[in-house]
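Here the structure comes first, spelled out in structure tokens, and everything after it is commentary.
Because only heavy atoms are used, hydrogens play no part in the values below, and waters and symmetry mates are left out as well, while side chains stay in. Naming convention: chains lettered A, B, ... in sequence-line order (proteins, then strands); numbering from 1 in each chain.
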Amino acid sequence: MPFEPRDQFEQRQKKLQQIQALGLNAYPHEFRWTDTAGELATQFGASSGADLEANRRKVRVAGRIVSLRLMGKAGFAHLQGAGKRIQIYVKKDVAGGRGFELFQLLDLGDLIGVRGHLFRTKTNELSVWAEEIYFLSKALLPLPEKWHGLTDVEMRYRQRYLDLIANEKSRDVFVTRARIIQELRRFFDARGYIEVETPMMHPLPGGAAARPFKTHHNTLDLDLYLRIAPELYLKRLTVGGFDRVYEINRNFRNEGISTQHNPEFTMLEFYEAYSNYGDLMDMNERLFADLAKSITGSTVVRYGEVDLDFGRFERLTMREAIVKHWPDAAGAAPRIAELAAPGGPRATAERYNVWAKNSGAPYAASKGRLSDGEWTGLLFEAMAEDKLVRPTILYEFPTDISPLSKQKADDPSVTERFEIYVAGMEIANGFSELNDPIEQERRFRAQVAQGGDEMPKQIDWDYIRALCHGMPPAAGEGIGIDRLTMLFTDSPSIRDVILFPQLRPEAPSNPEQGSNP
RNA sequence: GGGCCGGUAGCUCAAUGGUAGAGCAGCUGACUCUUAAUCAGCGGGUUGCAGGUUCGAGCCCUGCCCGGCUCACCA
């Protein structure tokens with residue numbers, strides 16, 4: 001089993017045997033603690049040495065040894081537990097001969113428990129006066145360097161446990177992520193929603209346009225797809241009378257990996273009967289402002305070089321966004337009416353592309369013959385999407401690219417759909433749900449006819465059947481939890497907010513053969 | 001998939017084409033209030049992999065592997 005570094009691994013195994021030779025169980029089954037390092041710091045951070053001496057507060061603390069200073073017949077160490085540190089002071093004539101022998105055998109990284117009382121050192125650091133040490137578990141491998149920590153990003157992702165030990169900031173990101181999810185649950189629970197779980201394995205991939213992962217169930221001899229979205233199942237539940245439902249779970253999309261994409265990512269999706277997209281847009285403004293405030297303490301959140309104010313959303317229709325962010329150098333900006341007119345989006349996109357190709361800007365690349373709506377979406381992505389830095393609600397999406405959304409009553413070329421953009425990233429996508437089965441069937445048929453890797457190959461007839469039983473008017477939305485966490489933790493990459501992001505496997509290495517990569 | 005950048009001791013990093021180094025970690029010893037503890041000494045390397053150029057390659061060239069950024073892709 002030896003791992004690198006061999007010499008230290010073997011040295012630590014030797015110490016493990018010496019600890020066992022003291023008559024101790026090297027891997028005991030439990031330790032009864034009374035306090036964590038963090039609790040002690042908050043509770044007694046202000047207590048003076050005299051106070052502590054008068055009360056002799058008894059404590060039992062556990063943690064990992066992250067620093068160790070041995071001085072003959074006494075020594076100091078810092079224990080790290082639950083992300084915080086507490087110093088312990090071990091004296092031979094207090095901890096006893098055998099206790100001190102154990103202390104001398106400890107390595108950085110070992111897990112121990114300590115019984116003693118609180119006091120302050122000469123330099124006034126809150127510490128535990130160790131009366132007894134309990135060995136809890138051995139670290140056979142050394143910790144990353146104590147001062148610089150672990151900076152190698154590949155190792156931080158592959159061996160996240162080391163990153164979490166060595167880098168407090170990394171730990172904080174994942175604590176914040178958990179708090180965000182807690183707050184979201186609170187928000188929706190308080191509004192009468194119930195949380196549900198729908199299938200992760202779908203016989204037909206649906207609810208989004210994306211390439212799915214495929215798998216197979218042996219007993220049923222059935223091909224299944226990891227879900228690309230829970231949408232169609234959640235809406236079936238609104239048919240069933242769950243008027244307010246949400247689900248927080250993973251989606252899987254077999255597509256590229258980038259700083260904003262991981263093959264599996266976490267989505268909050270929710271549906272609210274009897275509301276429309278306008279209600280949802282209003283609710284989102286409250287939700288994001290509340291969330292920013294409870295997570296970061298302010299509605300203004302620093303992200304990289306910019307301040308994002310979640311207390312003030314901008315609202316733009318997709319057509320308005322194209323007009324607003326039209327580059328001056330590309331000539332006169334199109335008028336809204338032009339973008340709404342038949343053939344207008346294509347003509348505008350072609351005009352934009354002439355400029356973009358000359359100036360090296362991203363251009364609206366067409367894949368075959370496109371409809372007006374597709375041109376509009378493409379043009380928006382090419383020229384406006386990354387300009388939406390401040391929190392923005394973009395609404396009125398072309399019907400052609402919104403197969404599950406309800407059309408606007410006075411303009412069927414667009415739907416009652418919106419997306420939330422922050423820092424140039426798509427964070428959320430919601431709309432008034434299309435609940436007319438006949439129109440839904442028409443849209444599905446159009447998708448199947450269009451073809452392509454990301455389009456459904458078959459119509460989900462059970463979904464149509466569910467709509468035929470009557471789905472209430474409803475609005476629904478998905479919020480990307482990973483990207484949301486990026487914003488609230490100032491993380492530039494989605495890999496920084498996913499504990500174990502997808503990477504290529506390490507080069508095959510078998511420790512039993514002693515060959516190490 | 002394209003472009004750019006990177007991979008040197010367990011970790012963090014050095015090293016004009018000319019003997020592969022430092023700090024931390026480790027080992028031995030000293031030390032009963034240290035905190036990047038200190039002091040004295042010691043060990044540690046197939047420089048990602050495989051070729052090539054050269055008297056000589058960590059450094060130059062080619063291919064490959066892994067990672068990062070970016071573009072494309074991903075409504």
When rounded to the nearest Å, what value does the distance between C1' atoms of G45(B) and G10(B) take?
12 Å
Whole-Å P distance, C39(B) and A25(B):
12 Å
Grab the CZ-C1' distance between F103(A) and U34(B) for me, whole Å please.
10 Å
Nearest whole angstrom, please: distance from the C1' of U8(B) to the CE of M155(A).
13 Å
Any base atoms under 4.0 Å from F397(A), or only sugar-phosphate, or nothing? Heavy atoms, all strands.
nothing
Establish, with yes or no, whether the OP1 or OP2 oxygen of U34(B) is under 4.0 angstrom from a side-chain nitrogen or oxygen of R69(A).
no
Those residues at least two apart in sequence (or on a different chain) that pass ring-ring contact (aromatic ring centres under 6.0 Å, His included) with Y157(A) are none
Would you say R6(A) reaches G10(B)'s phosphate, i.e. side-chain N/O to OP1/OP2 under 4.0 Å?
no
What interatomic distance, in whole Å, is found between C1' of G44(B) and the corresponding atom of A22(B)?
14 Å
Please report the distance separating the C1' of A72(B) from the corresponding atom of G63(B), rounded so that it comes out in whole Å.
24 Å
Would you indicate what W375(A) reaches in the nucleic acid, counting non-hydrogen atoms under 4.0 angstrom: base, sugar-phosphate, or nothing?
nothing
Report the secondary structure of RNA chain B in dot-bracket form, marking unpaired bases with a dot and bases paired to a different strand with |, and treating Watson-Crick or G-U pairs with both distances under 3.5 Å as paired.
(((((((..((((....[..)))).(((((.......))))).....(((((..]....))))))))))))....
Provide the full list of side-chain hydrogen bond (donor to acceptor under 3.5 Å, both in side chains) pairs with a residue in residues 100-110 of chain A, sequence neighbours left out, each pair given once.
K15(A)-D107(A), D107(A)-K138(A), D110(A)-K138(A)
Give the rounded distance in Å between these two atoms: CD1 of I165(A) and P of C11(B).
15 Å
Without decimals, in angstroms, what is the distance between Q260(A) CD and U70(B) C1'?
12 Å
Spacing of I494(A) atom CD1 relative to G68(B) atom C1', expressed in whole Å:
16 Å
Please name all residues satisfying ring-ring contact (aromatic ring centres under 6.0 Å, His included) with F44(A), sequence neighbours left out, ordered by chain then number.
none
Pairwise P distance, U38(B) and U34(B) [rounded to whole Å]
12 Å
Does E168(A) pair with R171(A) as a salt bridge, N-O distance under 4.0 Å?
no
Using the C1' atom in both, what is the distance from G18(B) to U62(B), to the nearest Å?
24 Å
Could I get a table of every N or O pair under 3.5 Å where one atom is in the protein and the other is in nucleotides 23-32 of chain B?
{"from": "A25(B)", "atom 1": "OP1", "to": "K146(A)", "atom 2": "NZ", "distance (Å)": "3.0"}
{"from": "A25(B)", "atom 1": "N3", "to": "Q8(A)", "atom 2": "NE2", "distance (Å)": "3.3"}
{"from": "C27(B)", "atom 1": "OP1", "to": "K15(A)", "atom 2": "NZ", "distance (Å)": "2.6"}
{"from": "C31(B)", "atom 1": "N3", "to": "L70(A)", "atom 2": "O", "distance (Å)": "3.4"}
{"from": "C31(B)", "atom 1": "N3", "to": "G72(A)", "atom 2": "N", "distance (Å)": "3.3"}
{"from": "C31(B)", "atom 1": "N4", "to": "G72(A)", "atom 2": "N", "distance (Å)": "3.4"}
{"from": "U32(B)", "atom 1": "OP2", "to": "K73(A)", "atom 2": "N", "distance (Å)": "3.3"}
{"from": "U32(B)", "atom 1": "O2", "to": "K91(A)", "atom 2": "NZ", "distance (Å)": "3.4"}
{"from": "U32(B)", "atom 1": "N3", "to": "D93(A)", "atom 2": "OD2", "distance (Å)": "3.2"}
{"from": "U32(B)", "atom 1": "O4", "to": "D93(A)", "atom 2": "OD2", "distance (Å)": "3.1"}

Give one of base, sugar-phosphate or nothing for R495(A), where a contact means two heavy atoms less than 4.0 Å apart.
sugar-phosphate
Specify the separation, in whole Å, of atom NZ of K357(A) and atom C1' of A72(B).
14 Å
Residues two or more places apart in sequence or in another chain: which of them pass side-chain contact (heavy atoms from CB on, under 4.5 Å) with R445(A)?
E441(A), I459(A), W461(A)
Between the main-chain N or O of T376(A) and the side-chain N or O of R319(A), is there a donor-acceptor pair closer than 3.5 Å?
no
Presence of salt bridge, E396(A) and K408(A), under 4.0 angstrom:
yes
T151(A) vs U12(B): side-chain N/O to OP1/OP2 distance below 4.0 Å
yes
In whole Å, I'd like the distance from the CG atom of D163(A) to the P atom of G68(B).
14 Å
Minimum-distance nucleotide to R158(A) side chain [options: C66(B), C33(B), C13(B)]
C66(B)
In terms of side-chain geometry, is the basic nitrogen of E131(A) or R115(A) positioned less than 4.0 Å from the acidic oxygen of its partner?
yes
Heavy atoms under 4.0 Å, any strand shown: does F119(A) hit a base, just sugar-phosphate, or nothing?
base
Quick one: E10(A) CD to G44(B) P, roughly how many Å, whole number?
14 Å
I'd like to know if E125(A) reaches the base of U34(B) with its side chain, counting only an N/O donor and acceptor under 3.5 Å.
no
C1' spacing across the pair A57(B) / C61(B), given as an integer number of angstrom
11 Å
Not counting sequence neighbours, which residues clear ring-ring contact (aromatic ring centres under 6.0 Å, His included) with H78(A)? List them please.
none
Mapping I257(A) and L150(A) onto RNA chain B by nearest heavy atom, which one lands closer to the 5' end?
L150(A)
List the residues meeting side-chain contact (heavy atoms from CB on, under 4.5 Å) with K14(A), not counting sequence neighbours, and say none if there are none.
Q11(A)
Here's a test of your reading of the structure: between T259(A) and R417(A), which maps to the more 5' nucleotide of RNA chain B?
T259(A)
Going by ring-ring contact (aromatic ring centres under 6.0 Å, His included), H202(A) matches just one of Y225(A), Y233(A), F252(A). Which one?
Y233(A)
Report the residues that fulfil side-chain contact (heavy atoms from CB on, under 4.5 Å) with K169(A), sequence neighbours left out, ordered by chain and then residue number.
none
What interatomic distance, in whole Å, is found between C1' of C59(B) and the corresponding atom of U53(B)?
14 Å
Looking for any heavy atom pair under 4.0 Å, which part of the strands does Q87(A) touch: base, sugar-phosphate only, or nothing?
base
